Amino acid sequence: MSYQAAVITVSDKGARGERVDTSGPAICRMLEAQGLTVVYTSIIPDEKTVIEAELLKCADELKVPLVLTTGGTGFSPRDVTPEATLSVIERETRGIPEAMRAESLKITPRGCLSRSAAGIRGRTLIVNLPGSEKAAKENLNAVLSAVVHGLDMLASSGSADCADPGAAVLKKPVPSLDAWLKEAKKENGAGGCGMYLFHNGVVRETAKAAVREGAADTKPVKGMQFSYDADKVEKARQAALSMPGIHYAHVWLNSGKLKVGDDIMLVLVGGDIRPHVIDALQALVGEIKRECVEETEIT
C-alpha cells in the first residue's frame, strides 16, 4: 500500500530564512524512493506550541499516516521537538528512536545524545529525526522499512501479519519526472549540473531468457512480481553520488504485482558533463538490477 507523509523542519534559522533547509528535501527523497507520497512540508521555529500545532494539523486535520520532523532533538534549551511530540502522541513507539540511536552509535559515540522521540496519535505515526542532513538520512535509513510495516499495522482493522515481510503489496503511483526535474534544479549543487539523464524501466512482454540468452521456447510474459531492498537502493544511490562530476541522483522503484507496460523504475541523474552522467546512470541502474531487486516473471 502507498502512504502519504508529511515532513516538518524545525529550525529557528530556517524559519527566518537564514539557513537553507537540506534535511527536509533529503528526507522527502528517501520517502519517495520507498514509495510514499509527500503531501505536506513546512519549516517552523523551535517553539513548542508551534510544533505541537503543526503535528496536530498533520495528524488530526490532514490525517497523514506518517509525520517526520527534523531538528530540535539535541541539548540546546531551544531543542524542544521531543517534548512537543510527547505532548501530542497517545502511544509511544520507543523502539524506533532506540534503533536510530543504536545505528548512530556505530558511526559516532555522540549518537547517544539524540533525544528523538516517536509515537502514535490516532492512525498517524510521528517520528523525530536529527537536524543535520547526514544524521537525518542515517537515522531514517535505519528504520524506514520497519516504519512502513508499522504503517501497514496502523492502517489495518486488526493485527497485521508480522510474520511475512514478503507479503504482496499493491503497485505504487508513478511520480512525475517534471516534478523531479524542478526539485533537482533547486538542490545545492544544481549549478554544477550541465546535464540530466533519465532511465525508465518497464515490464516487457518478451521474457528475459529470450532477450538475454536467445531462448526461443519462452512464453510471453503477462506480468511481474517485483520487490526491492530499500537500504541497498539508498547505498547504490549514494555510491552514484560519489562518482566524478555527479551532483544529483534520484530513484523510484515500483513494487507488487505489475502488468506488461507498468513502470518498474525511474532513475534521474544529474552531473557536469555527458560522459560522467552516462557512467553514473549506467552504474546506478546496473547496481539496482544486480543487487537491490527481486523480480519474478509471470507467464
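Computed from a predicted structure; not experimentally measured.
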**Q** With side chains defined as the heavy atoms from C-beta onward, is the minimum distance between M100 and S114 less than 4.5 Å?
**A**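 No. Closest side-chain heavy atoms not under 4.5 Å.
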
**Q** Can you list the steps and then say if Y40 with E54 is a side chain to side chain contact (heavy atoms under 4.5 Å, CB included)?
**A** CA-CA 11 Å; Y40 182 80; E54 197 73 349; 2.5 Å; yes

**Q** Output all residues satisfying side chain to side chain donor-acceptor pair (under 3.5 Å) with N128, sequence neighbours left out; order by chain, then residue number.
**A**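 Testing N128 for side chain to side chain donor-acceptor pair (under 3.5 Å), a comparison that skips the adjacent residues, returns T69, T85.
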
**Q** Out of curiosity, L66 CG to L154 CG, how far, rounded to the nearest 0.5 Å?
**A**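 Spacing of CG (L66) from CG (L154) equals 9.5 Å.
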
**Q** If you take all heavy atoms of S23 and T70, which pair is closest and at what distance?
**A**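 Nearest pair, atom of S23 first, then T70: CB-OG1, 3.4 Å.
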
**Q** Restricting to non-hydrogen atoms, name the atom on I96 and the atom on A118 that form the minimum distance, rounded to 0.1 Å.
**A**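 Answer, listing the atom of I96 first, then A118: CB-CB, 4.2 Å.
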
**Q** With sequence neighbours excluded, what pairs up with E98 under the salt bridge (Lys or Arg N to Asp or Glu O under 4.0 Å) test?
**A**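 Listed in chain order: nothing, the list is empty.
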
**Q** State which residues pass side chain to side chain donor-acceptor pair (under 3.5 Å) with S227; sequence neighbours excluded, sorted by chain then number.
**A**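 S227 satisfies side chain to side chain donor-acceptor pair (under 3.5 Å) with no other residue.
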
**Q** Any chance you could pull the hydrophobic cluster mates of F75, using side-chain heavy atoms under 4.5 angstrom and chaining through other members?
**A**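 So far as hydrophobic clustering goes, F75 is joined with L113.
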
**Q** Are L151 and L125 packed together at the side-chain level, in the sense that at least one heavy-atom pair is separated by less than 4.5 angstrom?
**A**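 They are in side-chain contact.
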
**Q** With a 4.5 Å heavy-atom cut-off, do H199 and L284 have their side chains touching?
**A**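 Result no, sub-4.5 Å side-chain heavy-atom pair not found.
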
**Q** P220: which residues meet the side-chain contact (heavy atoms from CB on, under 4.5 Å) condition with it, sequence neighbours left out?
**A**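 Counting only residues at least two positions away or on another chain, P220 forms a side-chain contact (heavy atoms from CB on, under 4.5 Å) with E205.
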
**Q** Taking only residues two or more places apart in sequence, or in another chain, which ones meet T22 in a side chain to side chain donor-acceptor pair (under 3.5 Å)?
**A**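 Scan of T22 (side chain to side chain donor-acceptor pair (under 3.5 Å), adjacent residues dropped) gives E133.
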
**Q** Nearest 0.5 Å, what's the CD-OG distance between E138 and S132?
**A**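 Reported value, rounded in 0.5 Å steps: 7.5 Å.
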
**Q** Report yes if the side chains of I264 and N254 come closer than 4.5 Å at any heavy-atom pair, otherwise no.
**A**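 No, their side chains stay 4.5 Å or more apart.
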
**Q** What residues join V20 in its hydrophobic cluster, counting side-chain heavy atom gaps under 4.5 Å, either direct or through other members?
**A**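 Hydrophobic cluster check, V20: no partners found.
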
**Q** Name all pairs fulfilling the salt bridge (charged side-chain N to carboxylate O under 4.0 Å, His left out) condition that reach into residues 267-279, sequence neighbours left out, sorted by first residue then second.
**A**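 Qualifying pairs, neighbours excluded: none.
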
**Q** Go through the side-chain N and O atoms of Y3 and Q34 and say whether any donor and acceptor fall under 3.5 Å apart.
**A**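 Result is no, nothing qualifies.
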
**Q** Would a distance-only check, ignoring hydrogens and angles, find a side-chain to backbone donor-acceptor pair under 3.5 Å from R19 to K13?
**A**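 The answer is no, because no donor-acceptor pair under 3.5 Å joins these two groups.
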
**Q** Can you name the closest pair of heavy atoms from S104 and N139 and give their distance?
**A**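 Result for this residue pair: OG-ND2, 3.0 Å.
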
**Q** Considering residues at least two apart in sequence or located in another chain, which fulfil the side-chain contact (heavy atoms from CB on, under 4.5 Å) criterion with T108?
**A**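 For T108 the side-chain contact (heavy atoms from CB on, under 4.5 Å) partners, ignoring immediate neighbours, are R110.
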
**Q** With rounding to the nearest 0.5 angstrom, report the CG to CD distance, L86 to E52.
**A**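 CD of E52 is found 10.5 Å from CG of L86.
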
**Q** Show every salt bridge (charged side-chain N to carboxylate O under 4.0 Å, His left out) that has at least one partner inside residues 78-91, sequence neighbours left out.
**A**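 Matches after skipping sequence neighbours: D12-R78, E47-R78, E83-R115.
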
**Q** Side chains of W180 and W252: does their closest heavy-atom pair fall under 4.5 Å?
**A**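 Touching, per the 4.5 Å side-chain cut-off.
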
**Q** Is there side-chain contact between L62 and V67, with at least one heavy-atom pair below 4.5 Å?
**A**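 No. Closest side-chain heavy atoms not under 4.5 Å.
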
**Q** Would you compute the distance between atom CG of L266 and atom NE2 of H250 and round it to the nearest 0.5 angstrom?
**A**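 Reported value, rounded in 0.5 Å steps: 9.5 Å.
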
**Q** Quick check for you: to the nearest 0.5 Å, what is the distance between S11 atom OG and R16 atom CZ?
**A**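 One gets 8.0 Å once the value is rounded to the nearest 0.5 Å.
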
**Q** Holding to side chain to side chain donor-acceptor pair (under 3.5 Å), I want the full list of residues that pass it with T124, two or more places apart in sequence or in another chain.
**A**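 None.
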
**Q** Distance from N200 atom CG to L268 atom CG, nearest 0.5 Å?
**A**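 It is 11.5 Å, given to the nearest 0.5 Å.
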
**Q** Is the shortest heavy-atom distance from the side chain of E287 to the side chain of K235 under 4.5 Å?
**A**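 The answer is no; the side chains never approach within 4.5 Å.
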
**Q** Where is the tightest heavy-atom contact between V293 and F226, given as atom of each residue plus distance?
**A**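 Shortest heavy-atom separation between V293 and F226 comes out as CG1-CZ, 3.6 Å.
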
**Q** Write out all pairs satisfying salt bridge (charged side-chain N to carboxylate O under 4.0 Å, His left out) with one or both partners inside residues 183-200, taking only residues at least two apart or from two chains.
**A**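 Residue pairs with at least one partner in residues 183-200: R29-E187.
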
**Q** Evaluate the side-chain proximity of R121 to L56: yes if any heavy-atom separation is below 4.5 Å, no if none is.
**A**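 In contact.
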
